[in-house]
Amino acid sequence: MSGADLASVLAGARIMPVLTVPDPATAGPLADALTAGGARCAEVTFRTPDAELVLKEMAAHGGLAVGAGTVLTPRQAERAVRAGARFVVSPGFDAKVVRRCRELNVAVVPGVATATELMRALKAGLDTVKLFPAEPLGGTSTLKALAAPFPQVRFIPTGGIGPAQLPGYLAHPAVLAVGGSWMAAAGHLERGRYDEVRRLTAEAVERSTA
């Protein structure tokens with residue numbers, strides 16, 4: 001699917017919480033906290049054994065457009081869509097994953113780190129990519145360097161981004177949304193600090209609309 005399709009899924013949301021959730025029992029309270037903080041979308045990474053269950057629970061919540069992250073294979077993409085994923089995110093570009101997502105009629109956002117990978121994504125008909133890992137790659141300097149020769153591309157920077165870096169990314173016109181895990185870090189979930197999740201999410205959403 002095109003970036004325009006993804007933009008409609010995100011419905012103008014510019015903050016994308018990136019979630020790694022080991023315990024499906026926390027999915028409901030987490031979704032409540034994120035929506036209370038103003039989040040409208042979230043990415044559930046396929047990095048835990050029960051990620052599929054977590055995604056299913058959060059997708060059923062109704063208040064969030066939930067996607068699947070860290071999708072590495074076509075089979076994972078199939079499982080994600082079955083669980084209710086509205087979009088699929090990969091850390092890198094894989095033609096087979098992109099092709100399968102198109103067959104499943106779900107928006108797909110491959111990760112890129114170089115101009116060569118970005119050109120592969122464009123050749124595949126995509127105009128929205130994930131810049132990953134954004135901060136280790138050079139942050140907004142790298143974003144600007146990649147965006148300049150590819151004005152038709154929209155970016156979702158993810159990786160090492162925190163509240164301090166958020167305004168710089170959001171200020172760039174090529175950025176569709178910014179992904180980050182600081183809003184719901186492992187410690188918050190382990191200790192049941194959903195009040196902190198709500199607070200951090202609300203702060204991020206406020207920055208995105210300033």
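Worth knowing before you read on, the calculation uses all heavy atoms, side chains too, and leaves out hydrogens, waters and symmetry mates.
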Item to complete: Give a yes or no on whether Val153 and Val109 share a hydrophobic cluster (residues Ile, Leu, Val, Met, Phe, Trp, Tyr; joining criterion: side-chain heavy atoms under 4.5 Å apart).
Response: no
Fill in: Gap separating the OG1 atom of Thr73 from the CZ atom of Phe46, nearest 0.5 angstrom
9.5 Å
Item to complete: Using the rule that two of Ile, Leu, Val, Met, Phe, Trp, Tyr join whenever any of their side-chain heavy atoms come within less than 4.5 Å, decide whether Met183 and Leu170 are in one cluster.
Response: yes
Practice prompt. Check whether any side-chain N or O of Thr45 sits under 3.5 Å from a backbone N or O of Leu19 as a donor-acceptor pair, and report yes or no.
Written response: yes
Worksheet item: Sub-3.5 Å donor-acceptor pair from the side chain of Asp50 to the main-chain atoms of Leu53, do we have one?
Response: no
Worksheet item: How long is the span from the CZ atom in Arg99 to the CZ atom in Arg102, to the nearest 0.5 Å?
Response: 10.0 Å
Worksheet item: Is the shortest heavy-atom distance from the side chain of Met58 to the side chain of Leu34 under 4.5 Å?
Response: yes
Worksheet entry | Shared hydrophobic cluster, Val178 / Val129 (ILVMFWY, side-chain heavy atoms < 4.5 Å) | yes
Item to complete: Evaluate the side-chain proximity of Tyr194 to Asp32: yes if any heavy-atom separation is below 4.5 Å, no if none is.
Response: no
Item to complete: Considering only NZ, NE, NH1 and NH2 on the basic side and carboxylate oxygens on the acidic side, decide whether Lys56 and Glu52 come within less than 4.0 Å.
Response: no
Practice prompt. For residues Phe155 and His172, determine if any side-chain heavy atom of one lies less than 4.5 Å from a side-chain heavy atom of the other.
Written response: no
Discussion item. Show the nearest heavy-atom pair for residues Leu55 and Ala80, with the distance to one decimal.
Written reply: CD2-O, 4.0 Å
Worksheet item: Ion pair present between Arg120 and Glu117, side-chain N to carboxylate O less than 4.0 angstrom?
Response: no
Worksheet item: In the single-linkage hydrophobic clustering (I, L, V, M, F, W, Y; side-chain heavy atoms under 4.5 Å), do Val66 and Val21 co-cluster?
Response: yes
Worksheet item: How many angstroms lie between atom CZ of Arg198 and atom CZ of Arg193, to the nearest 0.5 angstrom?
Response: 11.0 Å
Discussion item. Whether the side chain of Arg207 engages the backbone of Leu166 through a donor-acceptor N/O pair (distance < 3.5 Å, no angle test) should be reported.
Written reply: no
Worksheet item: Tell me, do Asp23 and Leu189 make a side-chain contact under 4.5 Å, heavy atoms counted?
Response: no
Worksheet entry | Qualifying side chain to side chain donor-acceptor pair (under 3.5 Å) pairs with a residue from residues 133-145, counting only residues at least two apart or across chains | Glu135-Tyr169
Discussion item. To check you understand the geometry: which heavy-atom pair defines the closest contact between Ala121 and Phe93, and what is its length?
Written reply: CA-CE1, 3.7 Å
Discussion item. I need the minimum non-hydrogen distance between Pro167 and Ala164, along with the two atoms involved.
Written reply: CD-O, 3.6 Å
Fill in: For Leu146 against Ala115, the heavy-atom pair lying closest together
CD2-N, 3.7 Å
Response to the item:
Smallest heavy-atom separation, Phe87 atom then Ala65 atom, equals CE2-O, 3.7 Å
Discussion item. Can you confirm whether Arg199 is buried at CZ, in the sense that more than 12 heavy atoms of other residues, nucleotides or ligands lie under 6.0 Å from that atom?
Written reply: yes
Worksheet item: Is the backbone of Val54 close enough, under 3.5 Å, to the side chain of Glu57 for a donor and an acceptor to pair up by distance?
Response: no
Discussion item. Could you check whether any side-chain heavy atom of Ile156 comes within less than 4.5 Å of a side-chain heavy atom of Phe132, counting everything from C-beta outward?
Written reply: no
Item to complete: Enter the distance from Thr201:OG1 to Glu206:CD here, rounded to the nearest 0.5 Å.
Response: 12.5 Å
Practice prompt. State the CG-CD1 distance between Leu200 and Ile15, to the nearest 0.5 angstrom.
Written response: 12.0 Å
Worksheet, complete the sentence: Rounded to the nearest 0.5 angstrom, the CG-NE2 distance for Leu30 and His188 is 11.0 Å
Fill in: Backbone N/O of Val175 and side chain of Arg14: donor-acceptor pair under 3.5 Å
yes
Worksheet item: Is there a side-chain contact between Lys130 and Met16, using heavy atoms and a 4.5 Å cut-off?
Response: no
Discussion item. Whether the side chain of Arg100 engages the backbone of Ala77 through a donor-acceptor N/O pair (distance < 3.5 Å, no angle test) should be reported.
Written reply: no
Worksheet item: Considering all heavy atoms of both residues, which atom of Ala177 and which atom of Leu10 are nearest to each other, and what is their separation?
Response: CB-CD1, 4.2 Å
Practice prompt. Indicate, with yes or no, if Leu104 and Val71 share a hydrophobic cluster defined by side-chain heavy-atom contacts under 4.5 Å among Ile, Leu, Val, Met, Phe, Trp and Tyr.
Written response: yes
Discussion item. So Asp94 and Leu72, do their side chains get closer than 4.5 Å, heavy atoms only?
Written reply: no
